[in-house]
Amino acid sequence: MGPHPAVAAIRLAVRRVLHDILTAHTAEQISGQTTHERPSEPLVLVACSGGADSVALASALAFEAPKLGIRAGGITVDHGLQPGSDLRAEEVVLRLRELGLHPAESVAVSVGRGGGPEAAARDARYAALDVAAERLGAAAILLGHTRDDQAETVLLGLARGSGIRSLSGMAAVSGAGGRYRRPFLHIDRQTARKACMVQSLPVWDDPHNTDPAYTRSRLRHEGLPALEKALGKGVVEALARTAQLSRDDADALDAWASQAEASVRDASGLLECAKLYALPPAVRRRILRRAAIEAGAPAGSLFARHIEEVDRLITGWRGQGAINLPGKVVAQRQGGRLVIRQG
């Protein structure tokens with residue numbers, strides 16, 4: 001008799017990702033070594049909070065990695081946002097070691113205030129994971145984001161109103177060199193929780209996940225259930241599918257913009273307004289956004305409304321003055337050219 005269907009599902013998802021990591025690692029090793037050396041065993045880490053999603057992921061990694069000749073380890077990040085968080089982190093480390101993961105470590109971070117509490121915690125967490133991956137020489141870090149998390153991310157992007165890139169949710173592969181992998185984007189949260197239950201794995205439910213002070217928590221406990229009540233139970237799956245379709249479209253438009261950019265610049269490298277005007281808006285605005293970032297505008301502070309204002313210098317030219325952008329960047333039209341530079 002095989003494993004419970006929930007356990008089989010999480011293991012299969014992890015096995016597929018580990019195969020990809022192993023293939024990439026082996027190719028990298030072979031290309032950079034002599035024929036007398038054997039490829040080393042890659043280290044794959046799981047980022048584990050102690051919640052059901054990441055504990056299920058840790059259990060699947062511990063089961064699958066040794067069969068493929070992969071070393072499996074785990075990292076938990078102590079954000080220091082709740083009393084006793086250091087003790088909770090140590091408990092998670094013990095759980096990871098009990099599963100057979102080595103190394104298993106806790107990393108404490110200091111969470112800033114930039115961009116709100118959720119964004120600040122996320123930034124601190126990824127910075128710590130990046131440092132841990134470099135220090136330990138990890139080939140990849142697995143993250144336990146599920147299909148439900150993806151649906152929430154799409155809805156948050158929709159609320160921001162910032163185009164299809166914000167609707168494309170989380171990528172299955174992201175980070176420097178494809179460091180971060182999300183095996184569970186096609187698995188629902190309930191399957192991960194069930195996998196923990198049938199394996200008798202203790203899990204911790206973060207009180208922040210039910211705190212209405214947090215936007216994602218309100219969406220999870222109020223917004224999505226209301227949508228499911230109004231539209232039916234397939235909402236989460238449909239939103240996750242929307243993320244993938246949006247990502248494919250956004251990638252195609254980004255590639256088009258990259259190819260078109262050279263053709264709209266003059267000999268001195270300035271953007272020609274007439275040539276920009278001839279491009280589809282989605283392509284043109286990508287070129288404008290990239291030019292603003294290259295001039296020093298911080299990507300995280302550059303919103304759709306900023307790019308729309310710059311776009312009007314091309315599509316609705318009435319002799320208007322310069323547009324001020326984040327990072328003290330200024331965009332203005334001069335003699336049929338668009339100049340974007342530090343003010």
Side-chain angles (χ1 to χ4, degrees), residues 6-25 42-65 68 70 72-77 96 101 118-119 121-123 125-130 132-133 138-157 165-193 195-196 203 206 209 216 219-220 224 236-248 250-251:
V7 176
I10 63 167
R11 287 177 178 175
L12 177 60
V14 168
R15 191 183 317 142
R16 284 173 171 160
V17 169
L18 291 181
H19 272 296
D20 289 346
I21 293 167
L22 189 61
T23 301
H25 177 79
L43 170 65
V44 174
L45 302 172
V46 58
C48 186
S49 66
D53 303 340
S54 59
V55 168
L57 183 57
S59 71
L61 176 64
F63 182 82
E64 294 291 341
L68 295 172
I70 292 173
I75 298 284
T76 189
V77 177
L96 293 173
L101 299 182
E118 293 164 286
R122 185 175 60 247
D123 289 347
R125 179 166 61 254
Y126 279 105
L129 291 173
D130 279 336
I141 298 179
L142 305 188
L143 304 174
H145 297 119
T146 63
R147 189 169 69 186
D148 300 76
D149 293 309
Q150 185 73 301
E152 292 160 10
T153 303
V154 171
L155 283 175
L156 290 169
R165 180 56 75 187
S166 70
L167 297 185
S168 62
M170 295 173 284
V173 181
S174 65
R179 168 176 291 155
Y180 293 107
R181 308 286 180 128
R182 297 177 174 88
F184 286 178
L185 286 183
H186 299 291
I187 289 178
D188 62 38
R189 191 174 286 144
Q190 198 54 43
T191 298
R193 187 169 284 277
C196 291
V203 299
D206 186 344
N209 289 339
R216 190 178 282 267
L219 184 59
R220 181 173 299 178
L224 263 174
V236 167
E237 187 176 354
L239 286 167
R241 191 163 59 249
T242 295
Q244 186 55 57
L245 293 170
S246 297
R247 181 168 296 281
D248 292 344
D251 288 347

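Nothing here was measured: the structure is a model prediction, and the numbers come from that model.
- The side chain to side chain donor-acceptor pair (under 3.5 Å) analysis of residues 236-246, with sequence neighbours excluded, yields the pairs Q244-D248.
- Atom CZ of R11 and atom CG of L18 lie 13.0 Å apart (nearest 0.5 Å).
- At least one side-chain heavy atom of I21 sits less than 4.5 Å from a side-chain heavy atom of L142.
- In this structure D130 satisfies the side-chain hydrogen bond (donor to acceptor under 3.5 Å, both in side chains) test together with R179, Y180, sequence neighbours excluded.
- The CZ atom of R189 sits 3.5 Å away from the CZ atom of R220 when rounded to the nearest 0.5 Å.
- Defined by atom type and a distance below 3.5 Å, a donor-acceptor pair is present between the side-chain atoms of T146 and D149.
- I187 and A9 make their closest contact through CD1-O, 3.6 Å (heavy atoms, listed as atom of the first residue, atom of the second, distance).
- Checking side-chain atoms of Q150 against main-chain N and O of L239 turns up no donor-acceptor pair under 3.5 Å.
- Side-chain atoms of R182 never come within 3.5 Å of backbone atoms of L143 as a donor-acceptor pair (strictly under, hydrogens ignored).
- Of all heavy-atom pairs spanning I10 and A56, the tightest one is CD1-O, 3.4 Å.
- L185 and M170 make their closest contact through CD1-O, 3.5 Å (heavy atoms, listed as atom of the first residue, atom of the second, distance).
- Closest of all the heavy-atom pairs between G169 and T153 is CA-CG2, 3.8 Å.
- Looking at heavy atoms from C-beta onward, L22 lies in side-chain contact with P42 at the 4.5 angstrom threshold.
- Legend: residues meeting salt bridge (charged side-chain N to carboxylate O under 4.0 Å, His left out) with R15, ordered by chain and number and at least two apart, are E64.
- Nearest heavy-atom pair across L61 and A72 is CG-CB, 3.8 Å.
- For the ring-ring contact (aromatic ring centres under 6.0 Å, His included) test, no residue two or more places apart in sequence or in another chain qualifies with F63.
- C48 and T76 get closest at one heavy-atom pair: O-OG1, 2.6 Å.
- Note on residues 47-63: pairs passing side chain to side chain donor-acceptor pair (under 3.5 Å), not counting sequence neighbours, are S49-S54, S59-Q199.
- With sequence neighbours excluded, the residues that form a salt bridge (charged side-chain N to carboxylate O under 4.0 Å, His left out) with D188 are R147.
- In this structure, the side chains of D20 and R181 come closer than 4.5 Å at one or more pairs of heavy atoms.
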